[in-house]
Structure formats: C-alpha cells, structure tokens
Amino acid sequence: MANSKISVDPATEKAYQHAKSQHLSTIWERHQKMQPICAFGDLGLCCTICYMGPCRIDPFSKEDIRGACGAGKDTISARNFTRATAAGTAAHSDHARSVCHALIDTAQGKVQGYQVMDIDKLKRIGAELGFPTENVSYSELAIQVGEKLLTNFGQSEGFLDFVKRAPQGQQDRWEKAGVTPRAIDREVVECMHRTHEGVDADYRSLILQAARTALADGWGGSMIATELQDILFGSPKPVRSKVNLGILKGDQVNVVVHGHEPVLSEMLAVASREQEMLDYASSKGAAGITLSGICCTANEILMRQGFPVAGNFLQQELAISTGAIETMVVDVQCVMPGLAEMANHFHTKLVTTSDKARIPGVEHIGFDEHKALDFARGILKTAIDNFPNRDLGRVDIPAETMDLVAGFTAENTFRHLGGKFRATYRPLNDGIMSGRLRGVVGVVGCNNVRVQHDWGHRVMVEELLKHDVLVVQTGCSALACAKAGWLRPEAAREIAGKGLQEICEAVGIPPVLHMGSCVDNSRILLACTEMVKEGGIGEDISQLPVAAAAPEAMSEKAVAIGLYAVASGITTFFSPAPRVLGSPAVLDYLTNGIEKDFGARWVFEPDLLQAAHGIIKHLDEKREALKLDPMMYGIKIPRSA
Ligand code: MSK
C-alpha cells in the first residue's frame with residue numbers, strides 16, 4: 001500500500017472522507033469491524049461442506065489433523081477452490097444464457113426495442129457453427145445461432161462449440177488432461193457433486209475438474225456472452241468518454257446502472273437520449289439526463305455507446321454518498337447489499353431489476369424484456385420525478401474526471417494494427433519479435449478492500465508500461481487505469497517505454513487497451529489465439545510472451561477467470577491468493593505442477609511491484625525460449641525480479 005489513504009484516486013479519497021464525516025457506513029468501516037479475519041477460512045482450511053462440522057485444520061500442527069470424515073487440508077482446500085470456480089463460472093454463464101434468450105426473442109420479434117446490430121458477426125458465427133448464411137433471413141440465422149449455443153449449457157454429448165477456436169496445442173493439452181469442457185451446466189454440477197461430502201477426495205482430480213469448469217467459462221459462458229452481446233448490441237469500436245465521480249452532474253438527473261448485464265442498460269441508453277425524456281427532465285428543472293455506470297454494466301455501455309463511468313467496484317457506495325444520484329439501477333454481481341443503507345440516507349432510489357438478485361428493503365421492479373423500452377422509460381421517468389427531492393445542501397461531487405478511449409476487441413485491434421487494407425496481427429507480432437514490445441499482459445479484475453483502492457492495478461500497470469509491455473484490460477482494473485489517464489493515446493508519450501511508445505504512436509492507440517467487462521476476458525483469449533495464428537512468437541498460447549494478472553482480485557469469478565487463463569496457457573499473477581495457502585500440496589500444484597498439464601501456472605505474489613517484476617522476468621524467459629531479438633532499447637529486468 002502506498003500510504004494510509006483508502007484510495008490512490010483523489011476523488012474516491014475525498015468522497016470517502018466526506019461520507020465518513022457524515023458517519024455513513026462504508027465497506028472500509030465494515031471491513032475494519034471484521035478484523036481479525038479468520039485465518040482458517042483465509043487459508044482454505046475451514047470445511048463447512050457437511051453438518052458434522054464445521055471442521056478446521058490447524059496448519060501449524062505437527063500431527064496429520066483431519067476433519068471428522070477424514071478429509072485433510074489438501075482435500076478441504078481443493079474442495080473450497082473448486083466450489084469457488086464453479087460459482088464464478090455459474091455467474092458468467094448464467095449471464096450468457098440470458099443473452100442467448102435475448103437474441104432468440106429479438107429475432108422472433110418478441111421483445112421491444114432490440115435489433116440484431118452486427119450482421120457480419122452473426123454471419124461469421126453462424127458459418128462457424130455450420131449454418132448456411134446465404135439465402136437465409138438474419139432472424140432465422142440468429143435463432144439458429146442462439147439455440148445452438150444454448151445447447152452448450154446442457155448437452156449430454158460432445159464438447160463446447162468454441163473450444164475448437166483454441167490453438168491446437170491448447171486443445172491437445174486439454175484432451176490429454178481429460179479437461180475438454182463438455183457442457184457448461186454439467187461442469188458446474190459435477191464440481192458440486194465431486195465436492196459433496198464423501199465424493200472426490202483427491203486434490204489434483206478436484207482441481208482438474210475445476211479447470212474443466214473454468215474452461216467452460218472462458219471458452220463457453222463468457223465467450224458466448226461476449227459474442228452474442230456484440231451481435232445483439234453491436235461490436236464495440238474505439239470510443240472516447242470520461243471516467244470518475246466527477247462525471248455526475250450537479251444540474252442534471254443522474255441515473256447510474258450497476259452490475260453486469262447490458263440488456264436493460266442498453267435500453268436506458270436509448271431512452272435517455274429521447275427528446276420526450278429530455279423535455280420531461282427540463283420540466284422538472286433539470287438541465288438534462290446523465291446516464292452513467294459502475295462496474296461492468298458501466299463497461300458495457302461505455303464500450304458500445306461511449307457513456308461515462310462513475311467508478312469501479314469500491315466506488316459504488318461513495319457514488320450514492322455524493323447526494324446527486326436520483327436512481328441507481330442494479331442487476332447482478334458485485335452489487336453490495338450495503339448500498340441499501342447508503343441510499344436510505346439520501347433521496348436516491350435504489351432499484352433491483354433482476355429476479356435473481358434482490359436486496360431486503362429495496363424496491364424490486366423485475367425487468368420485462370418484452371416491454372424493454374417502455375420499462376426503461378418508466379425507470380427514467382421515476383428518476384426525473386425524484387430530481388426535485390435532491391437535497392442541494394448535501395450534494396458533494398468530487399470534481400475529478402479523466403478522458404479515456406475504450407472499445408477495443410480482438411477483431412478491431414486486429415484492424416488497427418494492420419491498417420485499413422490488410423487486417424493482421426503482423427505488426428504486433430513483429431513488434432514483439434524485434435524487441436520494441438516485450439510482450440502483452442492482461443491486467444484485469446476487481447477492487448478488493450484488503451488492498452488500497454486502485455493502487456494494485458496502477459503500481460503493476462505503470463511498471464509494465466515503462467518496460468515496453470502492451471497492457472490489455474477489462475473490468476474494474478481498466479477503470480482504475482482509466483482514472484489515472486492511461487487509456488488516452490497521449491499516455492504512451494507520458495509513461496510508456498520507448499518501444500511501446502513508438503508502436504502506440506504509429507498505430508494511434510493508448511498503451512492500455514480497454515477490452516470490456518469481465519465476460520470480455522474471452523476477447524483476450526481470442527487475441528492470444530490470433531497472435532499464435534499470425535506466427536513467429538510461439539506455436540501455442542503457452543509459448544507466447546504473454547501473462548495475466550489480477551492484482552486486486554475479489555470475486556469467485558476472478559478465481560474462475562484466473563484458472564481458465566492458466567489452463568489456456570497464460571501464466572497468471574493473482575493477489576490476494578485464492579484460499580489454498582493452507583495446503584502445501586495444492587499450493588505446489590497450482591504454482592508448479594500445473595505447468596506440466598497446461599504450460600502455465602499461478603503466481604501468488606502479494607508485493608505487487610515485485611509481481612510486476614516477476615511478470616517482466618516471465619516475458620523475458622518466454623522471449624529467450626523463442627530466441628527473439630533482445631529488447632530494442634535495452635531496458636533491463638528490474639532488480640527485484
Ligand atoms: S465488476 S467481478 S469487481 S472486475 Fe465485473 Fe469489477 Fe470484479 Fe465485479
């Protein structure tokens with residue numbers, strides 16, 4: 001941690017101090033009250049799976065202590081890890097299932113307001129799935145694609161369709177390890193079965209099932225969600241916008257979307273631009289409507305429509321504490337129940353909209369896609385009606401905002417790099433081969449109250465940029481770096497090493513590429529696949545000079561993402577570590593043994609600057625194995641590596 005402040009972001013620090021001065025409960029105070037955290041739980045050595053316990057294993061005991069059923073620390077720790085992976089995969093994949101249904105319903109004309117926006121992508125994916133794409137209506141094709149991908153959830157035979165997209169080397173490894181994912185729901189269910197009392201007690205066998213489940217997320221649920229959202233709402237293109245609490249407007253109706261699913265927020269985006277709505281806002285004394293977001297619903301409407309972002313995970317309560325939000329509309333995942341209490345202190349209406357996610361005491365208006373646009377208009381109208389209730393004496397919006405460019409995808413990065421006439425990853429691969437670029441690293445994931453807000457992302461990314469590493473990002477990590485200004489093309493000149501600077505300036509991209517929400521980590525898998533296909537820097541993903549990192553990991557989804565990255569051949573630096581530190585065997589497998597199975601491993605380094613240096617060393621080892629040119633500008637590996 002850089003200092004005693006709760007955040008390295010001045011807007012967040014100011015908003016926190018303001019909330020504290022009003023004695024408002026925030027995550028920082030509640031977390032403090034939880035201290036000391038339970039070491040058994042933290043180490044993964046508490047078993048709550050049956051009702052004979054809970055059983056806890058003392059990690060320091062010289063005896064081979066076992067739970068009542070005889071499960072030791074390796075079994076307990078691996079079971080906890082497997083269940084976390086299953087929960088993370090379930091979250092991403094259930095999201096994907098909703099998008100499949102939304103695409104089918106749209107094509108059947110059953111929903112209001114949506115239309116298929118990316119016909120080219122629909123045709124590409126239709127062809128990939130084996131459907132004729134000529135002389136067929138787009139609606140028919142969309143239904144076929146949606147229905148085919150829906151079978152990936154529960155099919156009793158075969159493997160997931162998008163597994164075939166992976167480089168052959170990855171597919172061969174998965175087959176050899178017996179982890180090629182079959183059906184998404186099946187893998188999640190099998191995790192729950194195997195971790196039930198008295199089933200699988202072998203830690204390696206459990207972790208391999210966790211890997212199969214994580215792969216069902218990365219190359220299944222998450223990839224389906226990303227692809228179908230692109231088809232339905234349009235594939236992102238580079239777009240300018242702004243980030244941080246200062247985007248909230250003192251004289252406008254502020255509506256904030258929060259969570260992960262873009263199905264409703266896309267309609268709110270449409271409705272917020274309608275003249276009728278703007279006129280209604282004006283009739284209530286507001287100068288306009290500002291629609292913005294928190295977390296990944298924010299990333300979705302940022303990537304596709306350029307709407308501003310109020311903040312990332314740890315800023316959600318503070319956004320309400322500005323006193324300037326009329327309505328916060330939440331859907332699923334990363335929505336803290338603590339929002340309810342914060343909203344009660346202000347005029348803010350907090351509204352849950354997914355029937356899967358309610359909060360006691362909070363108004364629930366179940367989203368009805370069939371009347372999606374009218375539903376969105378209704379929400380906006382209520383927000384506008386709430387504008388006169390704002391207590392102007394309590395409004396305190398930090399001034400900070402930052403410009404950014406978002407909207408990068410595996411496909412459009414391809415076009416950017418290759419120029420207008422020949423879409424190719426060649427310049428990227430050439431940049432790596434010639435030593436202008438050291439490699440590419442995906443720095444992704446959450447905020448975690450155990451880490452100073454945004455500090456982990458920034459300390460790591462800054463070090464990587466200085467050492468000529470192109471950084472791709474998603475989720476709250478992208479927003480942390482956006483607030484620092486590193487998602488502006490000018491940042492290349494300001495912060496990047498000379499080689500990275502030259503590449504960014506030649507192509508006109510920022511040194512940090514924002515690729516979307518958590519499910520869009522699947523775009524990073526596809527970008528790695530393209531790098532392999534382009535040739536010259538590795539025969540499969542595990543040979544590429546690439547890595548992944550989650551420096552402020554918080555959710556079970558982060559565990560699933562980390563595991564599918566590793567199982568896809570990408571060494572992943574993850575902190576805080578998942579709850580496996582209490583089992584030396586599980587820890588050794590995840591950080592060493594797993595490399596034999598997948599060509600990559602986990603690294604749990606809590607010193608995040610040191611972790612950045614570890615990433616740089618890892619990239620250099622990959623470069624050396626490929627006998628690539630030395631780094632063009634001779635930047636040395638940092639001493640701590
Ligand atoms: S929102 S999962 S805190 S990235 Fe996707 Fe942010 Fe992590 Fe939630």
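When a ligand or atom number is given, it counts from 1 through the structure's own listing order. The figures that follow rest on heavy atoms only: side chains count, while hydrogens, waters and symmetry mates do not.
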Inset, instruction - Give the C-alpha distance, both sets of side-chain angles, the deciding distance and a yes or no for side-chain contact (heavy atoms from CB on, under 4.5 Å) between Q315 and H453. - result: CA-CA 9 Å; Q315 291 177 288; H453 172 240; 3.7 Å; yes
Inset, instruction - Show your working on side-chain contact (heavy atoms from CB on, under 4.5 Å) between Q229 and L103 and close with a plain yes or no. - result: CA-CA 8 Å; Q229 284 174 180; L103 179 67; over 6 Å; no
Inset, instruction - Please test T297 against D331 for side-chain hydrogen bond (donor to acceptor under 3.5 Å, both in side chains), starting from the C-alpha separation and ending with a verdict. - result: CA-CA 8 Å; T297 309; D331 50 73; 3.1 Å; yes
Inset, instruction - Check the pair E317, E341 against side-chain contact (heavy atoms from CB on, under 4.5 Å), reporting the backbone distance first and the verdict last. - result: CA-CA 9 Å; E317 291 174 296; E341 192 189 334; over 6 Å; no
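Contacts with ligand 1 closer than 4.0 Å are made by side-chain heavy atoms of S555 only, the backbone lying farther away. Residue M554 touches ligand 1 through its side chain alone, judged by heavy-atom distances below 4.0 Å.
No side-chain donor-acceptor contact under 3.5 Å links E326 to the backbone of V255.
Of all atoms in ligand 1, listed by their number and element, those nearer than 4.0 Å to a heavy atom of G445 are 4 (S). Those atoms of ligand 1 that come under 4.0 Å of a heavy atom in C476, given as number and element, are 1 (S), 3 (S), 4 (S), 6 (Fe). Taking a cut-off of under 4.0 Å to the non-hydrogen atoms of K557, the atoms of ligand 1 that pass are 2 (S). Within the listing of ligand 1, atoms 1 (S) sit less than 4.0 angstrom from a heavy atom of C295.
Under 2.8 Å from atom 5 (Fe) of ligand 1 lies an N/O/S atom of C296, whether from backbone or side chain. For atom 8 (Fe) of ligand 1, the N/O/S atoms of C334 include one lying under 2.8 Å. Atom 5 (Fe) of ligand 1 has no N, O or S atom of C446 closer than 2.8 Å.
Looking only at protein heavy atoms, the nearest one to atom 5 (Fe) of ligand 1 is C518 SG, 2.1 Å.
Heavy-atom contacts from other residues, nucleotides or ligands closer than 6.0 Å to CZ of R240 number 12 or fewer. Applying the 6.0 Å contact sphere to NZ of K237 captures no more than 12 heavy atoms from other residues, nucleotides or ligands. Within 6.0 Å of atom NZ in K121, more than 12 heavy atoms from other residues, nucleotides or ligands are found, so the atom counts as buried in its surroundings.
In this structure, S517 does not count as a contact residue of ligand 1, since none of its heavy atoms falls inside 4.0 Å of the ligand. The shell of residues lying under 4.0 angstrom from ligand 1, judged by heavy atoms, includes H260.
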